[in-house]
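Model, not experiment: these values are computed from the prediction.
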Amino acid sequence: MLSITSSSFTLIHQPLAGSGTPATSKAEPTDGSSPASGSSTRSSGLSTLAQQLSDSALRAEERDSTLSRKELGARAEELLGQILGPNYKANKARHDSEVPNTDDPALLARAQQATDFVNTRNSSRETPNPFAGLSYDQLSLIVHDDSGTFTANERRAAYMEAERQDYAVRRAMVDRAMAEYNRTGKQTNFYTEVLAYYESLPPIEQAQLPTNYKLDLQQRIANDTDMIPQWNKTADGGGGAICTANITSTNISTHAWSVEFTMK
């Protein structure tokens, strides 16, 4: 949501949701492998993941083509509640014991690594995220795939990596927006960049934002102005003219993120 109040501009972006469907089977710990067999397992794991992502893309395409934007938004909210917030915490033990319904050692190892990552994140014992390095679109497919292909903790791990990437993109946009305003007194490029980012999101993520989000951005670009008292690029910095930006809140449960611009 984009809104302007007095001398502050607020951007809230809620991009991701996901879920996990608990599996019924449990796997025994796998033994260590030789370097040669380990390399083969990694290769097999990558090939399997590529096929899983391809299948997820087909399911996402069918879902997005059959649901309205409102229905898609409701579906995203439902999925988000399954891997974040009180519902996830209430079923934490079940999620931590969940494994894929497969005998593939690579998939079993990946699921365990995801659980280890989720439980050690931001600690000195942090396990690498098994989905680090995937593209944002690939991560979104995993997060929103409720077919049972991925465990709840795999989806949560994918969500965390997508969140990290998303934050880095938006932080860079905020920095450029500050520079643009201090240089020109406008934020046209910023609005254009936010619009392009919005349009790059999968439909299920766009559906989590207000219906008029795109139209609002287009209008701001057309107006080439903020609905606040305007400064111009000849403002005397020596007189105290300055634009600052602060990230005011980040909600891990809803993934709402706000940045406030203050002109004084």
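Residue-environment remark: CD (E61) stays at or below the threshold of 12 foreign heavy atoms within 6.0 Å. Heavy atoms from other residues, nucleotides or ligands lying under 6.0 Å from CD of E62 number 12 at most.
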Legend entry - Stepwise side chain to side chain contact (heavy atoms under 4.5 Å, CB included) check, V118 with Y159: CA-CA 10 Å; V118 165; Y159 171 92; over 6 Å; no
Inset, instruction - For E161 and Q165, run side chain to side chain contact (heavy atoms under 4.5 Å, CB included): C-alpha distance rounded to whole Å, both residues' side-chain angles, the deciding distance at 0.1 Å, then the answer. - result: CA-CA 6 Å; E161 172 62 13; Q165 293 183 16; 2.9 Å; yes
Inset, instruction - Could you walk me through whether T211 and R69 pass the side chain to side chain contact (heavy atoms under 4.5 Å, CB included) test, one step at a time? - result: CA-CA 8 Å; T211 304; R69 181 188 174 97; 4.2 Å; yes
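A salt bridge between R121 and E163 is present, with a side-chain N of the basic residue lying under 4.0 Å from a carboxylate O of the acidic one.
Residues E126 and F117 have side chains in contact (heavy-atom distance under 4.5 Å, counting atoms from C-beta outward).
In this structure, the side chain of N153 engages the main chain of H95 through a donor-acceptor pair within 3.5 Å.
Classified by interplanar angle (parallel below 30°, tilted 30° to 60°, perpendicular above 60°), the ring pair Y197/Y136 is tilted.
Distance CG/L58 to CG/L53: 11.0 Å, rounded to 0.5 Å.
Side chains of R110 and T48: a donor-acceptor N/O pair is absent below 3.5 angstrom, by distance only. Under 3.5 Å, the side chains of Q51 and D55 contain a donor-acceptor pair of N or O atoms.
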